[in-house]
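Indexing begins at 1, ligand by ligand and atom by atom, following the structure's order.
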Amino acid sequence: MIGRLFSNVSHKVQSLLYRASLMMKPQVVFVLGGPGAGKGTQCTKIVENYSYTHLSAGDLLRAERAREGSQFGQLIASYIKDGKIVPVEITIDLLRKAMEEMMKKDEKMFRFLIDGFPRNEDNLQGWNRVMDGKADVKFVLFFDCAIEVCIDRCLERGKSSGRTDDNRESLEKRIQTYLQSTRPIIEQYEKLGKVRTVDASRSVDEVFAGVKAILDREG
Ligand code: UDP
Ligand code: MG
């Protein structure tokens, strides 16, 4: 009797949890830091250890640039080469679709690392306009890395990455964009108490230990 009651209750709890997960809003961590700060590397490690999907805004844009028939291919290519930030409508659309697809495939995958976004005021306003109430930004994971270290890493990566922007000329522009446009966004989140900072000038494993400490604390 008690057994049956218990199994009934547990069944109800399970179906409630299931329904709650269907209604789950995407939980987002913005991952920011200079070019070469290690965002992509660390996101890959996070995905191996936690239940997050990694969405790199830069990778999504590069995929769109390469997609046959894309009306934005040319525009994206020139923005990336110049280290400029693509108009937010394009980026948001790619991010939103990627989140929707993931959650349609597996409703338990509602945690997202959005890497390399928002990079400027236009990005932030676009996000707030389109995603307000549709996703929760839990915090910003900030990879704090000395600019000289960022430059060295990107030039090293440029030897094999095949990226059109891992060269000295593009890199200077990217760094400028980062300092002028992205840092103020990080500062805005800082004022809201929403930034978790990791010293990213260290080795991959040392940085990841810092990341883990944050994620274990934040849940
Ligand atoms: N980019 C953009 N909007 C974004 C993310 C990236 O316009 O939200 C463009 C921008 O030109 C940037 C480039 O894509 O310089 C490369 O971004 P990525 O995040 O791949 O570079 P990383 O910071 O990881 O080196
Ligand atoms: Mg990256």
Could you list which atoms of ligand 1 come closer than 4.0 Å to a heavy atom of [X]?
X	answer
Asn123	8 (O)
Pro35	23 (O), 25 (O)
Ala57	4 (C), 5 (C), 8 (O)

**Study point:** Proximity flag Arg157 to ligand 1, non-hydrogen atoms under 4.0 Å
**Key:** yes
Check your understanding: Can you find a non-hydrogen atom of Gly36 under 4.0 Å from ligand 1?
Key -> yes
Of all heavy-atom pairs between [X] and [Y], which one has the smallest distance, and what is that distance?
X	Y	answer
Leu75	Ile90	CD2-CD1, 3.9 Å
Leu141	Val29	CB-CG1, 3.9 Å
Phe208	Ile46	CE1-N, 3.8 Å
Arg168	Ile151	NH1-CG2, 4.3 Å
Gly116	Ala57	O-CB, 4.0 Å
Lys194	Lys138	CE-O, 3.9 Å

Review point. Is the side chain of Ser170 donor-acceptor paired with the backbone N or O of Asp166 at a distance under 3.5 Å, no angle test?
Key: no
Does any N or O atom in [X] lie less than 3.5 angstrom from one in ligand 1, N or O only?
X	value
Thr91	no
Arg62	yes
Ile85	no
Asp165	no
Arg174	yes

Heavy atom under 4.0 Å from ligand 1: found in [X]'s side chain, backbone, both, or neither?
X	value
Lys81	neither
Leu61	side chain
Asp82	neither

Revision key, fill the gap. Among Gly116, Cys154, Gly58, Gly38, the residue with a heavy atom nearest to atom 8 (O) of ligand 1 is Gly116
Would you mind checking which non-hydrogen protein atom is closest to [atom], with the distance to 0.1 Å?
atom	value
atom 11 (O) of ligand 1	Lys84 O, 2.6 Å
atom 17 (O) of ligand 1	Arg119 NH2, 3.4 Å
atom 21 (O) of ligand 1	Arg163 NH2, 3.1 Å
atom 14 (O) of ligand 1	Ile80 CG1, 3.7 Å
atom 7 (O) of ligand 1	Val86 N, 2.7 Å
atom 23 (O) of ligand 1	Lys39 NZ, 2.7 Å

**Study point:** Ionic contact status for Glu187 with Lys191, cut-off 4.0 Å
**Key:** no
Review point. Under a 4.0 Å N-O cut-off, is there an ion pair linking Glu156 with Arg153?
Key: no
Review point. Given Glu100, which of Lys104, Lys97, Arg96 fulfils the side chain to side chain donor-acceptor pair (under 3.5 Å) condition?
Key: Arg96
Point to revise | Pair Asp216, Tyr50: side-chain N/O donor-acceptor within cut-off below 3.5 Å | key: yes
Review point. More than 12 heavy atoms of other residues, nucleotides or ligands under 6.0 Å from CD of Glu206: is that the case?
Key: yes
